[in-house]
Amino acid sequence: MGQLKESPSQTAGPYVHIGCVPNFAEVTGVYPADLGQVIARDEAAGQRITIKGRVIDGAGAPLLDAMIEVWHADANGVYASQEGADPHVAGFGRVAGDQDTGVFEITTIKPGSIGDEHAPHLSLWIVARGINTGLHTRMYFAGDPLNAVDPVLLAAGDRANTLIAHPDDGGDFVFDIHLQGPAETVFLDM
């Protein structure tokens, strides 16, 4: 007695890492390495990039148990399952935030446009404690000329800036995901 039962809002987070990135959760023997650790091999065509960010809650604190899945096309805008795709680009990855700082890091190549005026972007799925249904969003690159005509950015209106990653002084991209508040990231209904 004296312990509270788990509520539905507390069930997703602690188990996501065990199921999706077991080695990160120190559950070994399931896979030699967690799935999605290499999004694009060294041989992949395109600009190598690193994206760093945090998932931030409504109080402004970084989540220390977030996990992010990433999908993107290759440098020519072709997804891994499509004909002509770069065989060195898996286009899928999973990253967990640092458990002390919440900082996540994605290393891959900059994708190309998938056509139909879609600006180069990464699709992201965010899960953590308290998020029962994963949140979907996109991350775009500051300064890309297709941003001005991308249908998702246009639909986001004056909140489109919440979907844009900016380069830092070292050339890495920075993209924080805000779950609530005035800087709340635009999430997509999938």
Side-chain angles (χ1 to χ4, degrees), residues 6-17 19-21 35-36 39 49 51-74 77-82 85 89-97 102-106 108 110-166 173-190:
E6 292 177 337
S7 69
S9 67
Q10 296 172 315
T11 58
Y15 309 115
V16 168
H17 295 87
C20 295
V21 283
L35 300 176
I39 303 170
I49 59 170
I51 302 146
K52 295 178 181 174
R54 300 170 298 160
V55 179
I56 299 171
D57 70 13
L63 271 62
L64 303 180
D65 63 351
M67 188 203 75
I68 299 172
E69 283 193 356
V70 181
W71 296 276
H72 67 76
D74 67 17
V78 181
Y79 286 104
S81 62
Q82 296 176 315
V89 177
F92 165 78
R94 287 181 177 154
V95 296
V103 173
F104 66 82
E105 185 172 316
I106 300 167
T108 187
K110 183 177 178 183
S113 170
I114 60 172
D116 295 330
E117 300 183 330
H118 282 266
H121 66 273
L122 278 66
S123 295
L124 306 173
W125 181 66
I126 301 105
V127 290
R129 181 187 321 266
I131 301 174
N132 282 336
T133 303
L135 301 170
H136 293 265
T137 191
R138 282 185 173 187
M139 188 213 84
Y140 292 85
F141 299 90
D144 193 287
L146 284 175
N147 288 350
V149 295
D150 182 274
V152 173
L153 289 173
L154 292 175
D158 61 358
R159 296 184 52 220
N161 63 327
T162 68
L163 300 175
I164 307 289
H166 295 272
F173 287 92
V174 177
F175 185 67
D176 287 337
I177 299 165
H178 294 264
L179 300 180
Q180 296 175 314
E184 181 179 330
T185 300
V186 171
F187 297 105
L188 307 175
D189 188 10
M190 303 296 284

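For the single chain, residues carry numbers from 1 onward in sequence order. The analysis underlying the following values was restricted to heavy atoms, covering all of them including side chains, and did not include hydrogens, waters or symmetry mates.
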Between [X] and [Y], which heavy-atom pair has the shortest distance, and what is it?
X: Pro120; Y: Pro111; answer: CB-O, 3.1 Å
X: His121; Y: Tyr79; answer: NE2-OH, 4.0 Å
X: Gly77; Y: Gln82; answer: O-OE1, 4.4 Å
X: Ala119; Y: Asp144; answer: CB-OD1, 4.4 Å
X: Leu35; Y: Phe92; answer: C-CE2, 4.5 Å
X: Val55; Y: Ala66; answer: CG2-CB, 3.8 Å

Enter the distance from [X]:[atom1] to [Y]:[atom2] here, rounded to the nearest 0.5 Å.
X: Phe104; Y: Met67; atom1: CZ; atom2: CE; result: 12.0 Å
X: Ile68; Y: Phe175; atom1: CD1; atom2: CZ; result: 8.5 Å
X: Ile49; Y: Ile51; atom1: CD1; atom2: CD1; result: 4.0 Å
X: Leu163; Y: Leu122; atom1: CG; atom2: CG; result: 12.0 Å
X: Gln180; Y: Ile56; atom1: CD; atom2: CD1; result: 12.5 Å
X: Leu153; Y: His118; atom1: CG; atom2: NE2; result: 10.0 Å

**OP:** Might you work through the side-chain contact (heavy atoms from CB on, under 4.5 Å) test for Leu146 and Tyr140, ending with a clear yes or no?
**Re:** CA-CA 10 Å; Leu146 284 175; Tyr140 292 85; over 6 Å; no
Subject >> Among Leu63, Val103, Val174, Ile177, the one residue meeting side-chain contact (heavy atoms from CB on, under 4.5 Å) with Arg54 >> reply: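 When side-chain contact (heavy atoms from CB on, under 4.5 Å) is applied between Arg54 and each of Leu63, Val103, Val174, Ile177, only Val103 qualifies.
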Original post:
Relative to the ring of Phe173, is the ring of Phe141 parallel (under 30°), tilted (30 to 60°) or perpendicular (over 60°)?
Top reply: perpendicular
Under 3.5 Å donor-acceptor, [X] side chain and [Y] backbone:
X: Arg94; Y: Val21; answer: no
X: Arg159; Y: Glu184; answer: yes
X: Thr162; Y: Ala183; answer: no
X: Asp74; Y: Ala85; answer: no

**OP:** Compare all side-chain heavy atoms of Val70 with those of Met139 and state whether any distance is below 4.5 angstrom.
**Re:**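 They are not in side-chain contact.
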